[in-house]
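Right, one structure below, let's go through it.
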Amino acid sequence: MFSQVENCGELRAEKIDKMQQLTATPVVIVGGGINGISTFRELALQGIPVVMIEQGDWCQAASGALSRMIHGGLRYLETGEFTLVKESVQERDRLLKNAPHYVHPLRTTVPIDSWSGGLINAGKRFLRLSERPSRRGALIIKTGLSMYDLYTRQHGSMPRHQLNSQRATQQRWPDFAHWVKCSATYYDAWISQPERLGIELINDAEQANPQALGLNYVKLIASDGETLTLQDTLSGQQFRLRPHVVVNATGAWIDRLNSTLVQGRSAKKLIGGTKGSHLIVRHPPLLAALNGEMVYYENQEGRVCIMFPWFGNVLVGSTDIRIDNPDDVICEADEQRYILESLKFIFPEFTINDSDVLYTFSGVRPLPASDSTLNGRISRNHSLVLLPPEAGRDYSTLCLVGGKWTTFRRFGEQAADKVLNLLGEKRRVYTEDLAIGGGKNYPADEKMADWVQRISQQTDLGNARISQLLTRYGTAAADIAAFMTLDADSPLEHFPEYSRNELRYLIQHEQVQTLEDLLVRRTPMAIGGQLTQARVSEVGKLLAAELGWDSASSAQHLQTTLSRLASLHGLTGLYPTHLNEGHLHVSNE
C-alpha cells in the first residue's frame, strides 16, 4: 500500500487534529466493514463520542466482496434457523425502503431437476443427522418457498412465489440444460453499490454527531492493557487513546486482534472463516438470457450458486473454502474454473472462456468457529462475545462474530445496545425507519422526472446528466450537481461518463486516500469492467492534484495501484502490452 502521502486533504487533516487532541474515549471500534460501520452509526446517533478506525479503506475486505445480494435467507429454513430468516426478511425490506437508491427488488428463478428428489436427505439435514449435500426437488423447494412466503407476508412486502411447469420453464428459459424439469420463481433483492452505502452510513453518523470520528488507514498496533496505540498508515504518525470499551469488528481478523488486546495470553478462537470468490463475466448472450433476473441454482455437487445481471455484465459466484490467513485473498485459477464449470452446468450451450472474465473478487466470510465438515452448514447468524476487563486489561472488549450485509443494521443495533449498557447510557434514536444517505427523500417512480427537472433547472445541468447522478448517488446527486457547477467542469478525456468535478467531490467528501479507493469502492469503474490503462492514469493524475502529491509519488502510487488491481482482481490488461502476456481482461486505450 502506498504510504508517502504528504497532504491528504483538509478533511483528513481536521480528523487527524481531532485524534491528536483525544486522550480517552468511551468507545473505540476497530474495523471499518459494514458491521463496524453500523455499530458506529448506531452509537453516534445516541450522542456517544465514538471513534472508529480501519487499517485500510472502508468496506475494503469481506464487506466489499459480497455476492451483492440482500436476501431473506431462504436456504436458512433448511437448517431450522427460522429466527434468522424472520430477521433477514425484515431487514431486507427495511433496506428496500431506507436505501432505495442502491437496494432493488430482484426476481429470482430456481431451476429444478425432479419433483421428489432429496426428501430423505433434507429431513436428515433439518434434524442435523447429516451434512451431506444433495440436489433438492420441487416438493422440497415448494415447501421452503411456502414457508418463506409466510415470513414475507408477516414481515415483508414481496410477491408470493410461483412454481412453473416444464413447458412454462422452457418457454422462459430455452437455454436451460435438459435436466431442468420445472422451476420456481420468487423475489429477493440486490445492492448495486454496497461500498458506497457504507461511506454514506459513516457520513450520516458524523453529520448527526460531530464528536463521532471515523478514520480509515489507521491501525491498532499495540495495547498495554489500558491504552491503545494507533498508527496512521499513510503518514506513520501515532496516537495513544484510552477506551472504556473496544468493539472488535475486524471480521476474519477478530482472533488476531484479540491476541493483541489480551497481552499475549491465549484467547478463545471465535472465527472459522471461509473464502468466497466471484466473477464478473462479459457475455452478451448470457446477459440477454437472464433478462434482468437472477438464477439461483445448484451445481453438480448440490452447492448453491448465483448469477444475475451486473452493470451490463453478469455476476457469477461463488466458492466456499476454509481459509486460515485472510490477508489479500484472491480468486485462484481453480476457483474461476469451478465457477465457470458450474455456470456451464445450467447453461450448457454457452461457451464462456477465461477471456470473458472481466474482474474477480474474493473475501473471507467471518463465520463462527465450527467443527462442521461442510462449510455451507456453518451458521450465517451473528453473535456478540463480551470479554470483560481482567488482570492486565482495563477495558471491555465486545467481539462481533458472523453477520451478513442484509442484517447489518440489526447487528449494529444489538452491538450498540450492549455498549450503551456497559456505559450506563440509554438509546434515544431508533434506526428501523431511518433513510440512509442518498435514500433520504428519494422520489417515487412517478415523481422522479419532476425531481430530475427541478435539480436540472437549479444547476443548469441537463436532465440526462442529473438522471445519471441520481442513479449513482440517490438524492445526494443534488449536492454533487451543485458542487460540479461551482467551478469550470469538464468530462474526463478517456471516460466522459464521469466529470472532473464529480470525482473531486468524492475525493473531498468521502475520505478517498488512494486511487484504489476511487476506482474500486467510491465508483463501480473497476467491478463494472470499465477500466483501461488510460482511464486509470487520468483518474490518478486528478487524485494526485487534489491530494498534493509530487510527480514521483504519483508515479509510484499508480504502479502500486496497477499491481494490486492485477493481483487482487485479475486486471492484468491494464499493464502495457509487453507486460501483458497471457489473457487480457481489459483492453488498453
Side-chain angles (χ1 to χ4, degrees), residues 3 5 8 11-33 35-58 60 202 205-206 208-251 253-265 267 386-400 412 415-416 418-425 511 513:
S3 61
V5 179
C8 292
L11 180 60
R12 183 173 179 83
E14 291 175 352
K15 290 189 169 212
I16 292 294
D17 285 344
K18 287 184 179 180
M19 184 71 86
Q20 286 178 318
Q21 294 169 17
L22 289 176
T23 57
T25 185
V27 187
V28 172
I29 299 173
V30 184
N35 292 327
I37 290 172
S38 178
T39 306
F40 177 74
R41 180 181 75 140
E42 293 284 341
L43 289 170
L45 291 173
Q46 316 312 318
I48 303 298
V50 55
V51 172
M52 176 174 62
I53 61 169
E54 161 58 43
Q55 67 177 356
D57 189 27
W58 310 120
Q60 179 174 314
I202 295 170
E206 293 183 333
N209 181 356
Q211 290 183 296
L213 176 62
L215 268 169
N216 55 357
Y217 296 101
V218 172
K219 184 177 183 179
L220 191 156
I221 60 173
S223 169
D224 63 7
E226 179 182 3
T227 302
L228 308 178
T229 301
L230 314 177
Q231 183 175 53
D232 180 355
T233 63
L234 300 176
S235 67
Q237 185 175 2
Q238 293 188 1
F239 318 94
R240 290 175 63 81
L241 198 57
R242 188 172 67 255
H244 185 75
V245 180
V246 172
V247 175
N248 185 347
T250 57
W253 291 265
I254 279 180
D255 292 331
R256 188 181 298 180
L257 180 63
N258 280 344
S259 68
T260 299
L261 298 178
V262 300
Q263 291 292 290
R265 290 187 297 278
L386 179 64
L387 306 177
E390 59 182 359
R393 178 170 53 83
D394 293 346
Y395 49 81
S396 298
T397 301
L398 183 66
C399 303
L400 276 56
K418 187 72 173 179
V419 172
L420 290 172
N421 184 59
L422 292 171
L423 298 177
E425 301 284 349
Q511 303 190 43
Q513 305 302 325

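In what follows, residues are counted from 1 in the order of the sequence shown. A quick note: this is a predicted structure, and the numbers were derived from the prediction, not measured.
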Determine whether a donor-acceptor pair (N or O, by modelled atom type, separation under 3.5 Å) exists between the side chain of [X] and the backbone of [Y].
X      : Y      : answer
Arg240 : Leu22  : no
Thr25  : Val50  : no
Asn35  : Gly412 : no
Arg393 : Leu387 : yes
Glu425 : Asn421 : no

**OP:** Assess whether side-chain contact (heavy atoms from CB on, under 4.5 Å) is satisfied between Trp58 and Ile202, documenting all intermediate values.
**Re:** CA-CA 9 Å; Trp58 310 120; Ile202 295 170; 3.4 Å; yes

Original post:
Who passes side-chain hydrogen bond (donor to acceptor under 3.5 Å, both in side chains) against Glu54, sequence neighbours left out?
Top reply: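 Here no residue qualifies.
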
Original post:
Stepwise, does the side-chain contact (heavy atoms from CB on, under 4.5 Å) test hold for Gln55 with Val30?
Top reply: CA-CA 8 Å; Gln55 67 177 356; Val30 184; over 6 Å; no

Original post:
Taking Val28 as the fixed residue, which of Val247, Asn248, Val245, Leu241 is the one that meets the side-chain contact (heavy atoms from CB on, under 4.5 Å) rule?
Top reply: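 When Val247, Asn248, Val245, Leu241 are each tested with Val28, the side-chain contact (heavy atoms from CB on, under 4.5 Å) holds only for Leu241.
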
Subject >> With Gln238, the side-chain contact (heavy atoms from CB on, under 4.5 Å) member among Ile221, Asp232, Leu230 >> reply: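 Only match with Gln238 under side-chain contact (heavy atoms from CB on, under 4.5 Å): Ile221.
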
**OP:** Begin with the C-alpha distance, continue with both residues' side-chain angles, and end with the deciding distance and a verdict on side-chain contact (heavy atoms from CB on, under 4.5 Å) for Thr397 and Leu386.
**Re:** CA-CA 6 Å; Thr397 301; Leu386 179 64; over 6 Å; no

Is there side-chain contact between [X] and [Y], with heavy atoms separated by less than 4.5 Å?
X      : Y      : answer
Val419 : Ile48  : no
Arg256 : Thr250 : no
Asp394 : Pro389 : no
Arg12  : Asn216 : yes
Met19  : Leu215 : yes
Gln513 : Asp57  : no
Pro49  : Pro26  : yes

**OP:** Evaluate side-chain contact (heavy atoms from CB on, under 4.5 Å) for Val27 paired with Leu423, printing each intermediate quantity in order.
**Re:** CA-CA 9 Å; Val27 187; Leu423 298 177; 3.8 Å; yes

Distance-minimising heavy-atom pair for [X] and [Y]:
X      : Y      : answer
Glu206 : Ala212 : CG-O, 3.8 Å
Phe40  : Leu213 : CE1-O, 3.7 Å
Ala44  : Asn209 : O-ND2, 3.1 Å
Leu398 : Ala415 : CD2-O, 3.7 Å

